[in-house]
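What follows is a set of notes on a single structure, which appears directly below.
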Amino acid sequence: MTSVSRVIVLAGLTGAGKTALAVELAKRYPCTVINADSRQVYADFPIITAQPSLEERAVCPHELYGFLACREKITAGVFMRLCQERVDNALEQGRLPLIVGGTGLYLRSLLEGLAPIPDIPEQVRNDLREKLKEQGLASLRMVLEKVDPEYAAAIHPNDPQRTLRALEVHTATGKSLTWWHARPVVKPRYTALKLGIRMELAALEPLLARRIDLMLLAGALEEAETAWKSCPDHDAPGWSSIGCVELLGYLRGEYGLERARELWFRNTRAYAKRQLTWFRKDEDMHWIPPGEVEPALSLVRSFWEQGAEG
RNA sequence: GCCGAGGUAGCUCAGUCGGUAGAGCAGGGGACUGAAAAUCCCCGUGUCGGCAGUUCGAUUCUGUCCCUCGGCA
């Protein structure tokens, strides 16, 4: 048995066929599939967030899918810890961790680590959000410029999310984000084979359109309706997924189903475009054509054999 | 057929008291260290419905025609 911690990462645009490829790999190697998608964690939305089906999950163990309630939120830091735990478990069992997902930040956090910033108390975050509402972004921005001028210069003045983040870290820890970012990160603990399904937007479009139709046929609307009954709060973290937002708009009578579908498609496409921007500059990625198993398989085979020797 | 409201960027619309036009969304490119399916940045020439008239100059005023949407018939 080897002590090298080898993992496979399977990335790619939403709807490009990551899950299907993972299943094919899992049929040939003893894998544990581990989710690295920030939306597929929600228990209420298995259809809309395209979680693997029961049949697909039957092929091998699947981890970190559909375990969070709609009101609960997850962060890159928490996710990274959970993910590491599952990866280590799989390795102990002699299984190949197959990390599948499209959330670039989560994949990077897992492989390259994050600054060792403690979790920020809920109270601090809520207070700052309240301040943002009352005083506006410009006023928070002024505070940040005083407290962490370097980070303030690095982000755009119009970016509420990053301004808030920097302020909450400073408020809760007494140190600036810049200070934290200069701390050594936990070193990458894994040797990763990064596979990316290569696909252009034009080729993805028909697949996305079809996937939305299939989701509706599979009961996406009912899924949203049911979720709304148990969690009638559109600000809840679970409701922020693409598809959920648009179906909710329809359910609340803001527009018709046709319009919801159109918005759903456009927003999914826009998201895929952002993923493309993120992934295409990743130099470690081994790009493989969509719909094919063999290219991925041969990469995995040699990766696996190297591990067996090491 | 009559009355009213309109026809401006792929879509929804703003505007020009006459000097050839912007916003949002869509689209393209990019960023990304704990909300990341998030958040944010950069990129806008289009017979301003057609034709004619007034004018140095019309998308803006006038006439006429076409089209759309309401109301009355």
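Letters A, B, ... mirror the listed sequences (proteins, then strands); counts begin at 1. Given the structure is predicted, the values throughout are model-derived calculations rather than measurements.
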Could you check which nucleotide pairs with [N] in any of the strands shown, counting Watson-Crick or G-U wobble with both distances under 3.5 Å?
N: B/C69; answer: B/G4
N: B/U39; answer: B/A31
N: B/G46; answer: none
N: B/C61; answer: B/G53

[N] versus [M] - spacing of their [atom1] atoms, nearest Å:
N: B/G7; M: B/U59; atom1: C1'; value: 12 Å
N: B/C41; M: B/G6; atom1: C1'; value: 37 Å
N: B/G46; M: B/C11; atom1: P; value: 14 Å
N: B/A14; M: B/G24; atom1: C1'; value: 10 Å
N: B/G28; M: B/G10; atom1: P; value: 16 Å
N: B/C40; M: B/G50; atom1: P; value: 38 Å
N: B/C72; M: B/U12; atom1: C1'; value: 30 Å
N: B/C66; M: B/G19; atom1: C1'; value: 29 Å

Mind checking if [X] touches a base, just sugar-phosphate, or nothing, with heavy atoms under 4.0 Å?
X: A/Trp278; answer: base
X: A/Leu201; answer: sugar-phosphate
X: A/Gln275; answer: nothing
X: A/Arg183; answer: nothing
X: A/Phe45; answer: nothing
X: A/Thr14; answer: nothing

key: Side chain A/Arg162 and base B/A38 donor-acceptor under 3.5 Å   = yes
Any [X] side-chain nitrogen or oxygen under 4.0 Å from OP1 or OP2 of [N]:
X: A/Arg269; N: B/G28; value: yes
X: A/Arg266; N: B/C11; value: no
X: A/Thr103; N: B/A37; value: yes
X: A/Arg165; N: B/G34; value: yes
X: A/Lys73; N: B/A38; value: no
X: A/Ser109; N: B/U33; value: no
X: A/Lys273; N: B/G29; value: yes
X: A/Asn158; N: B/U39; value: no

ask   = If you find the nucleotide of RNA chain B closest to A/Tyr271 and the one closest to A/Phe279, which residue's nucleotide is nearer the 5' end?
value = A/Phe279
First encountered from the 5' end of RNA chain B, between A/Thr49 and A/Ala270 = A/Ala270
B/G34 glycosidic torsion: syn (within 90° of 0) vs anti = syn
query = More than 12 non-hydrogen atoms from neighbouring residues, nucleotides or ligands closer than 6.0 Å to CZ on A/Arg210, yes or no?
reply = no
task = Please check if atom CD in A/Glu222 has more than 12 non-hydrogen atoms from other residues, nucleotides or ligands closer than 6.0 Å.
result = yes
Expressed as a whole number of angstroms, how long is the span from [X]:[atom1] to [N]:[atom2]?
X: A/Ile212; N: B/A37; atom1: CD1; atom2: P; answer: 16 Å
X: A/Ile120; N: B/U33; atom1: CD1; atom2: P; answer: 15 Å
X: A/Ile242; N: B/A37; atom1: CD1; atom2: P; answer: 8 Å
X: A/Glu200; N: B/G28; atom1: CD; atom2: P; answer: 11 Å
X: A/Tyr106; N: B/G34; atom1: OH; atom2: P; answer: 11 Å
X: A/Phe265; N: B/G27; atom1: CZ; atom2: P; answer: 9 Å
X: A/Glu72; N: B/G34; atom1: CD; atom2: C1'; answer: 16 Å
X: A/Glu168; N: B/G34; atom1: CD; atom2: C1'; answer: 8 Å

Between [Y] and [X], do the side chains contain a donor N or O and an acceptor N or O under 3.5 Å apart?
X: A/Tyr106; Y: A/Asn35; value: no
X: A/Glu130; Y: A/Asn126; value: no
X: A/Glu56; Y: A/Ser53; value: yes
X: A/Arg39; Y: A/Ser240; value: yes

Could you check which of [options] has an atom nearest any side-chain atom of [X]?
X: A/Arg274; options: B/G30, B/G34, B/C32; answer: B/G30
X: A/His156; options: B/C41, B/A26, B/A37; answer: B/C41
X: A/Leu105; options: B/U33, B/G30, B/G27; answer: B/U33
X: A/Asn267; options: B/A26, B/U39, B/G34; answer: B/A26
X: A/Thr277; options: B/A31, B/U33, B/G28; answer: B/A31
X: A/Leu114; options: B/G34, B/C40, B/A37; answer: B/G34
X: A/Pro160; options: B/G34, B/U39, B/G28; answer: B/U39

inquiry  = Are the side chains of A/Arg183 and A/Ile117 in contact, using a 4.5 Å heavy-atom criterion?
reply    = no
Donor-acceptor under 3.5 Å (A/Glu223 side chain, A/Ile47 main chain) = yes
inquiry  = Against the six-membered ring of A/Phe303, is A/Arg6 placed for a cation-pi contact (under 6.0 Å from the centre, within 45° of the normal)?
reply    = yes
